[in-house]
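Residue numbers start at 1 and run along the sequence shown. Note that ligands are numbered from 1 as they come in the structure, with each ligand's atoms numbered from 1 the same way.
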Amino acid sequence: MLNIKNLHVKLEEEDKPILKGVDLTVEAGKVHAIMGPNGSGKSTLSYVLSGRDGYEVTDGSAHLRGADLLGMDPEERAAAGLFLAFQYPVEIPGVGNMTFLRTAVNAQRKARGEEEMDAATFLKEVRARARDLQIDAEMLKRPVNMGFSGGEKKRNEILQMAMLEPRMCILDETDSGLDVDAMKLVADGVNALRSPDRGFLVITHYQRLLDHIVPDVVHIMADGRIVKTGGADLALEVEQNGYADILAEVA
Ligand SMILES: Nc1ncnc2c1ncn2[C@@H]1O[C@H](COP(=O)(O)OP(=O)(O)OP(=O)(O)O)[C@@H](O)[C@H]1O
Ligand SMILES: [Mg+2]
């Protein structure tokens with residue numbers, strides 16, 4: 001599904017390498033988690049995959065279902081099935097949440113040569129998915145993320161994901177700032193989307209999330225590289241002992 005090889009990335013503005021050879025393969029149907037100390041490059045990886053400006057790939061490759069991601073515009077990446085739930089969701093003043101969702105869904109369908117979703121079907125779908133995430137009707141009418149609480153923004157990201165039905169979902173600390181009930185809702189939302197033809201990359205600091213979204217594989221990222229890969233028990237080890245032992249082991 002997602003194949004990243006020897007990915008090296010630096011900031012465009014300055015000669016600061018951030019990713020220093022990331023190798024990562026997420027298979028269809030699998031949930032991979034990435035943990036790692038602050039500043040290790042987890043968000044940078046997700047930004048580079050989604051096509052955000054400001055980063056320069058100096059070496060390596062990233063493919064989504066065989067297609068070269070790095071050669072595509074952000075919109076093309078989305079149409080190809082990539083979705084990123086941001087660590088810091090952006091507010092979009094003046095654009096209603098529902099309008100935004102419908103435009104995004106239909107733009108992607110069009111790019112894939114599919115028919116647009118008609119208004120009635122869209123409304124039915126969005127209401128059902130919003131209900132599952134306990135996002136009320138009023139929040140669907142407000143401008144995207146404007147005035148939403150931290151936890152409401154995170155749930156709204158999952159609503160977008162559910163509506164877009166991407167093939168590869170990257171969640172960057174979607175659990176941060178969520179109360180325990182909201183975390184359960186978000187995890188249920190993610191689990192409902194787990195399927196044999198969809199992959200997930202879940203970036204998190206907390207093992208707690210992984211109790212709900214049980215990962216197939218856990219990676220530890222440090223200083224721009226994946227330094228250790230294991231099963232769900234690796235997250236438990238981090239929770240109990242922190243990163244010191246792992247970092248010393250690979251140093
Ligand atoms: N635009 C930028 N300007 C300067 N430094 C940057 C920029 N973008 C990223 N960095 C640096 O790159 C490194 C990796 O940042 P990144 O946000 O990817 O870390 P992270 O693993 O997501 O951390 P966290 O767990 O705190 O979210 C950090 O040292 C950060 O300061
Ligand atoms: Mg981050």
Under 4.0 Å from one or more heavy atoms of E173, ligand 1 contributes atoms 24 (P), 25 (O), 27 (O)
Heavy atoms only, cut-off 4.0 Å: how does H205 contact ligand 1, side chain, backbone, both, or neither? side chain
Closest to atom 21 (O) of ligand 1 among protein heavy atoms sits K42 NZ, 2.7 Å
With side chain to side chain contact (heavy atoms under 4.5 Å, CB included) as the test, would you mind laying out the steps for T121 and K124 before giving the verdict? CA-CA 5 Å; T121 309; K124 206 174 119 217; 5.7 Å; no
Yes or no: does G54 have any heavy atom under 4.0 Å from an atom of ligand 1? no
Tell me whether ligand 1 is touched by E13 - counting only heavy atoms on the residue side and a distance under 4.0 Å. no
Specify the protein heavy atom at minimum distance from atom 14 (C) of ligand 1: its residue, its atom name, and the distance to 0.1 Å. G39 O, 3.3 Å
I'd like to know if K16 and E14 make a salt bridge, using a cut-off of under 4.0 Å between side-chain N and carboxylate O. no
So, N38 and the Mg ion (ligand 2): N/O/S under 2.8 Å, yes or no? no
Looking only at protein heavy atoms, what sits closest to atom 12 (O) of ligand 1 is I18 CD1, 3.3 Å
With a heavy-atom distance limit of 4.0 Å, tell me whether K16 approaches ligand 1 through its side chain, its backbone, both, or neither. side chain
When you compare ligand 1 with L11, is there at least one nitrogen or oxygen pair between them that comes in under 3.5 angstrom? no
Which residue and heavy atom of the protein sit nearest atom 17 (O) of ligand 1, plus the separation: S43 CB, 3.6 Å
Begin from the C-alpha positions of D211 and Q207 and carry the test side chain to side chain donor-acceptor pair (under 3.5 Å) through to its verdict. CA-CA 7 Å; D211 279 339; Q207 201 279 329; 3.2 Å; yes
Which residue from N38, T204, I203 reaches closest to atom 26 (O) of ligand 1 through any of its heavy atoms? N38
Ion pair check, E56 and K10, cut-off under 4.0 Å: yes
Consider ligand 1: state whether an atom of it lies below 4.0 angstrom from any non-hydrogen atom of Y55. yes
So does E157 pair up with K153, basic N to acidic O under 4.0 Å? no
Looking at atom 18 (O) of ligand 1, what's its closest protein heavy atom, distance included? T44 OG1, 2.6 Å
Take L11 and I18, measure what side chain to side chain contact (heavy atoms under 4.5 Å, CB included) needs, and give me the verdict at the end. CA-CA 7 Å; L11 291 175; I18 298 180; 3.5 Å; yes
Before giving the answer on side chain to side chain contact (heavy atoms under 4.5 Å, CB included), spell out for I4 and L45 the whole-Å C-alpha distance, their side-chain angles and the decisive distance to 0.1 Å. CA-CA 10 Å; I4 303 170; L45 176 64; 4.1 Å; yes
Side chain to side chain contact (heavy atoms under 4.5 Å, CB included) assessment of M161 paired with F200: CA-CA 11 Å; M161 182 170 90; F200 287 88; 3.9 Å; yes
Take the angle between the ring planes of H32 and H219 and call it parallel below 30°, perpendicular above 60°, tilted in between. parallel
